[in-house]
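Protein chains get the first letters and strands the later ones, always in sequence-line order, with residue 1 at the start of each.
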Number of protein chains: 2
Amino acid sequence: MSEGRSPQGETLLFLTDEQLRQGAEAMFFAYRGFTADPDRILDGLSYGRAHHRALHFIHTAPGTTVNNLLTILGVTKQSLNRVLRTLIEDGLVESQVGRTDKRERHLYLTEAGEALERELSDAQRTRMRAAFRDAGPEAVAGFRRVLEAMMDPEMRRQYHKLRGGRG
Amino acid sequence: MSEGRSPQGETLLFLTDEQLRQGAEAMFFAYRGFTADPDRILDGLSYGRAHHRALHFIHTAPGTTVNNLLTILGVTKQSLNRVLRTLIEDGLVESQVGRTDKRERHLYLTEAGEALERELSDAQRTRMRAAFRDAGPEAVAGFRRVLEAMMDPEMRRQYHKLRGGRG
DNA sequence: ATTTTAAGTCAGCCTTGTTGACATTCCAAG
DNA sequence: CTTGGAATGTCAACAAGGCTGACTTAAAAT
């Protein structure tokens with residue numbers, strides 16, 4: 001792979017293998033920080049990161065179907081079902097049979113579910129808020145632009161779908 | 001949590017809970033993309049993401065000790081050992097007894113190890129290169145600033161240590 | 001001489017992902 | 001109305017990759 005001088009000089013320095021490698025390491029270390037705080041809370045309860053993800057996306061898209069959630073989370077229905085079952089048993093998630101299509105189950109957070117989701121997300125957001133504030137608005141815009149460009153097209157579609165109207 | 005108008009008006013719009021939530025979702029989806037390509041390669045071999053991480057950091061810091069690698073990866077020695085053992089058995093990693101301190105083992109990639117590391121990292125970098133190019137140099141600078149601010153202080157220290165001289 | 005440190009190993013457990021097989025329910029097409 | 005296919009749920013088995021705890025070996029440090 002190319003090192004150093006390109007025809008454009010310094011303009012593409014951020015595309016050298018070394019810079020890309022640093023970007024990868026930054027993703028690795030930052031993702032650890034990103035999940036650390038909610039993970040600490042979950043450690044006490046009998047839940048894991050998978051439960052947090054389910055709670056997060058049901059909160060974001062209330063009434064979403066199981067299939068929908070599968071696509072977003074990128075796991076098998078068996079994997080999701082294990083998580084979802086405990087959340088329903090524990091009264092954090094409610095599953096309602098669809099009105100128009102009774103095969104579908106629409107998922108909602110109960111009050112208890114909303115409460116736990118808020119606790120986990122607050123922990124995560126506290127760190128992100130500090131990071132965003134430290135880095136500044138322009139850095140945050142760049143951050144999001146790069147992350148979005150890094151997604152699989154299908155996931156980018158899902159991402160935009162979730163934002164719909166919000167952003 | 002606060003919504004909308006702050007004393008500073010639009011300046012802090014990127015700190016609303018909604019914006020932070022979107023940032024979290026971006027991290028989630030982007031990390032999936034980030035790992036997808038090397039994961040596909042590893043699927044064929046009898047290795048996993050943990051092997052990739054070990055190869056990556058031994059490549060980055062050749063001669064690193066086991067303890068060092070433990071700190072960087074943030075796993076237990078038992079967990080790392082399982083991965084390291086197979087890599088050594090398969091001739092991808094070499095373990096050399098320390099000269100000054102004979103308790104330590106210094107880790108190096110063999111030629112075969114370098115080859116696999118390159119294959120995996122190339123796959124990962126291809127996506128990152130495209131993302132960086134699409135987003136532009138200023139976005140990349142912001143991307144890295146935010147990720148760095150998101151790390152645990154100890155991990156930020158490790159991150160800078162790895163960069164040492166490079167950046 | 002004793003304690004501490006680095007590394008390795010064994011055993012067992014948990015979470016969370018995977019396949020494969022199969023039942024149920026229900027929409028929709030023939 | 002019957003049948004095919006889709007959406008959901010469930011059972012079983014398995015694997016990767018985390019974890020803890022207990023223990024050994026060798027070498028350094030005190």
- request: May I ask you to say whether A:Arg129 pairs ionically with B:Asp17, meaning some side-chain N is under 4.0 Å from a carboxylate O?
  value: yes

- request: Return the 5'-most residue of the pair A:Thr100, A:Arg49 with respect to DNA chain C, ranking by each residue's nearest nucleotide.
  value: A:Arg49

Cationic N near anionic O, under 4.0 Å, A:Arg40 to A:Glu119: no

query: Between B:Asp152 and A:Arg127, is there a side-chain N and carboxylate O pair less than 4.0 Å apart?
result: yes

query: Between C:dT5 and B:Asn67, is there an OP1 or OP2 to side-chain N/O distance shorter than 4.0 Å?
result: no

task: Whole angstrom is fine here: how far is it from CG in A:Leu42 over to P in C:dT15?
output: 11 Å

message: I need the CG-C1' distance between A:Asp39 and C:dT15, as an integer number of Å.
response: 11 Å

- prompt: On DNA chain D, which is the earliest and which the latest nucleotide, 5' to 3', with an atom closer than 4.0 Å to a heavy atom of chain B?
  reply: D:dG17 to D:dA28

query: How long is the span from the CZ atom in B:Arg125 to the CZ atom in B:Arg118, to the nearest 0.5 Å?
result: 9.5 Å

message: From C-beta outward on A:Lys102, which listed nucleotide comes closest to its side chain: C:dC26, C:dA7, C:dC10?
response: C:dC26

message: At less than 4.0 Å, is any side-chain N or O atom of A:Ser79 found next to OP1 or OP2 of C:dT16? Yes or no.
response: no

field: For atom CG of B:Leu107 and atom C1' of C:dA6, their distance in whole Å
entry: 12 Å

- prompt: Between A:Arg99 and A:Lys77, which is nearer to the 5' end of DNA chain C once each is assigned its nearest nucleotide?
  reply: A:Lys77

task: Looking at every strand, decide which applies to A:Arg82 at a 4.0 Å heavy-atom threshold: base, sugar-phosphate, or nothing.
output: base

The helix from C:dA1-D:dT30 to C:dG30-D:dC1: angle between end helix axes, five pairs per end, rounded to 10 degrees: 20°

- prompt: Are there more than 12 heavy atoms of other residues, nucleotides or ligands under 6.0 Å from atom CD of A:Gln78?
  reply: yes

task: Kindly check if the number of other-residue, nucleotide or ligand heavy atoms within 6.0 Å of CD (B:Glu154) is above 12?
output: yes

- prompt: C:dT16, C:dT9, C:dA6: which one has an atom nearest the side-chain heavy atoms of B:Glu104?
  reply: C:dA6

- prompt: What orientation do A:Phe14 and B:Phe132 show, parallel under 30°, tilted 30 to 60°, or perpendicular over 60°?
  reply: parallel

query: Got a salt bridge between B:Asp39 and B:Arg49, using NZ or NE/NH1/NH2 to carboxylate O under 4.0 Å?
result: yes

- request: Would you mind classifying the nucleic acid contact of B:His106 as base, sugar-phosphate or nothing, using non-hydrogen atoms under 4.0 angstrom?
  value: nothing

query: What is the distance, rounded to the nearest whole Å, between atom CG of A:Leu45 and atom C1' of C:dC14?
result: 15 Å

message: Between P on C:dT16 and NE2 on A:His52, what's the gap in Å once rounded to a whole number?
response: 12 Å

message: Check the orientation of B:His51 and B:Tyr47. Use parallel for under 30°, tilted for 30 to 60°, and perpendicular for over 60°.
response: tilted

N/O donor-acceptor pair, side chain A:Gln78 with base C:dG20, under 3.5 angstrom: yes

- line: Comparing nearest nucleotides in DNA chain D, the 5'-proximal residue of the pair A:Ile88, B:Asp101 is A:Ile88

task: Look at the aromatic rings of A:Phe29 and B:Tyr159 and report parallel, tilted or perpendicular, splitting at 30° and 60°.
output: perpendicular

